[in-house]
Amino acid sequence: MTGSLQEQLSRAFGDAFKAAGFESSLGAVFESARGDAPFQCNGAMAAAGALKKQGTKANPREIAQGIVEAVSGHDAVALLEIAGPGFINITPALDAVSARARALAVDPRIGARAPDRQKIVIDYGGANVAKPMHVGHLRSAVIGEALKRLLRYRGNEVIGDVHLGDWGLQMGHLITELHDEQPELPYFDADVTQGYPSDSPVTMDDLARLYPAASNKAKADPDRLERSRKATAELQAGREGYRALLDHFITVSIAALKKGYGALGVEFDLWKGEAAVDPLIPGMVETFKSQGITEEDDGALIIRVETDEDKKPVPPVFLISRSGAAQYHTTDLATLLDRKNEIDPDLILYVVDQRQALHFEQVFRAAVLADMYRPEQMNHLGFGTMNGKDGTPFKTREGGVLRLDDLLTMMNEAAMARLDEAGIGADFDAEERTEIARKVGLAALKFADLQNQRLTNYIFDPERFTAFEGKTGPYLLYAAVRIKSILRKAETLGVAAGEITISEPAETALVLALDSFDRALEAAARKYSPHILCDHIYTLAQAFSRFYADCPILQDGVADAVKSSRLALAETTLRQLEAGLDIIGVEVPERM
Ligand code: ARG
């Protein structure tokens, strides 16, 4: 008997349907949503429907009766009951549950398979050089990282690319503002074209100051804006001093971003950006022209992508503006080309704010017209916003845009307050408590984000996120840490994990929860929906809680073999909890 209990049962029912002259697929067994029995098979109704189509009258309850008779001797089955019009409720046999639990306990991947073999690029993060991050960037980082790990766990080769925004007007703003501050720098002397200093003339703090200064001035003064525009155009046209400055800006920003993303537990394989693909643009545009997919439109170069089927207008892709500048569309198309050349992926996923859905629709259509990719190779995975209590995208207390450090500090403080309130770690040293608060704060933030369907908006509420009760990150950490402490205690008592034998309902329920890990991973990966995995982790933690309440593990009076069996269940649960949490980017402390 191999595979999950659900698979074993599906095979048994499939064989019975086949023997009765139906499609074996009608024997598919599902987890039951109602509490009557753990599993159910609804194939009898469909079978009756199929017969009716052929003109034969059929009673689904009678068909179900025949199936039940055929399956009832099967090893994996304890009890079968027909309900309503012909549902079959299925209770698995304890021996089969025990056997499955033993198989999970020795499986390094606790039931998870890795059948997928695609080469996938995930474009996420997407921070802009010098411009502060906003909640869209935060969500992209958290969701993208979870998807990257999930798809890897499923066996795919996955390459994460931060795709920095480093090719827009913000560069012109930085250049001109720096020029005003330090006009003597060699980068601004048009006669100097090489030998620039290798040390950056600016720090991250300088960039954080220069950009808003220029941007605010430009809002009030059209001439100031025009200077930034011109500098951007000169940069894009290849002015040496400006290119050298751009390199410094990017290097300084990447160093800071690595720290910021690192604090979030987010890691990228590629730190490419828009500027990196700029050299590809002229050749790409020539190719598009020769393919006949471009058009001149009022001095700009565009690609029309609207089709007759479109219900809403889809504006054309802007390749080159009237002033000769490459656009956001253009850098994304050049990036698609670069990825084709360098990686040749089967699939590219964009984890970007839903508000950019139209942008990606346009870009994808152009890439298909240009024969670069097939439509199913590009997928925009949008998401909603994280709002403040006022219902608008979350800002910091001062009302400014989000800074990652501020957000993490807020989460840390909320977590520390919860630890104090619950009296957790009162006797640990300060360093360990700080580290626990960091993990609790991050778990709270990430789980609060990932447990939602991607496209829904949610409200930033550190107090609720850090609660130890309810569907929260800290609740899950607590569940995992509690098992760790049970395992430590078992060690001091000399109790070792042993062969699993299931007898109690709470034990069966826990094994069934463990056994659905692979299904959760499969569905979460297929739908690019981390919340499905979050649901699984939460259900598992709850099943463990009930098990632990009903089934003492180390208590005096519990037989040695039962202790060892339950300890093995606890250990297996911990391994699966930690594997699931690791995929969603959550770290578990040793103790709490
Ligand atoms: N830098 C962009 C922004 O802040 C996000 C980039 C998303 N990725 C992409 N390939 N366009 O809006």
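Because the structure is predicted, anything quoted here is derived from the model rather than measured. We count ligands from 1, going down the list as the structure has it; atoms in each ligand are counted the same way.
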Task: Shell of residues surrounding ligand 1, defined by a 4.0 angstrom heavy-atom cut-off that is strict - done: Asp123, Gly126, Asn128, His137, His163, Tyr328, Asp332, Tyr350, Val352, Gln356, Phe360
- [ ] Please state whether the rings of His179 and Phe188 are parallel, tilted or perpendicular, taking 30° and 60° as the class boundaries.
- [x] parallel
Open item on the list: Tyr124 and ring pair (Phe, Tyr, Trp, His ring centres under 6.0 Å): which single residue from Tyr261, Tyr350, Phe268 fits?
Closed with: Phe268
Task: Separation between CG of Leu174 and CG of Asp166, rounded to the nearest 0.5 Å - done: 11.5 Å
TODO: Classify the ring geometry between Phe364 and Phe360 as parallel (under 30°), tilted (30 to 60°) or perpendicular (over 60°).
DONE: tilted
- [ ] Examine distances only and state if a side-chain atom of Asn156 and a backbone atom of Gln118 form a donor-acceptor pair shorter than 3.5 Å.
- [x] yes
- [ ] On the 0 to 90° scale, with breaks at 30° and 60°, tag the Phe517-Tyr153 ring pair as parallel, tilted or perpendicular.
- [x] tilted
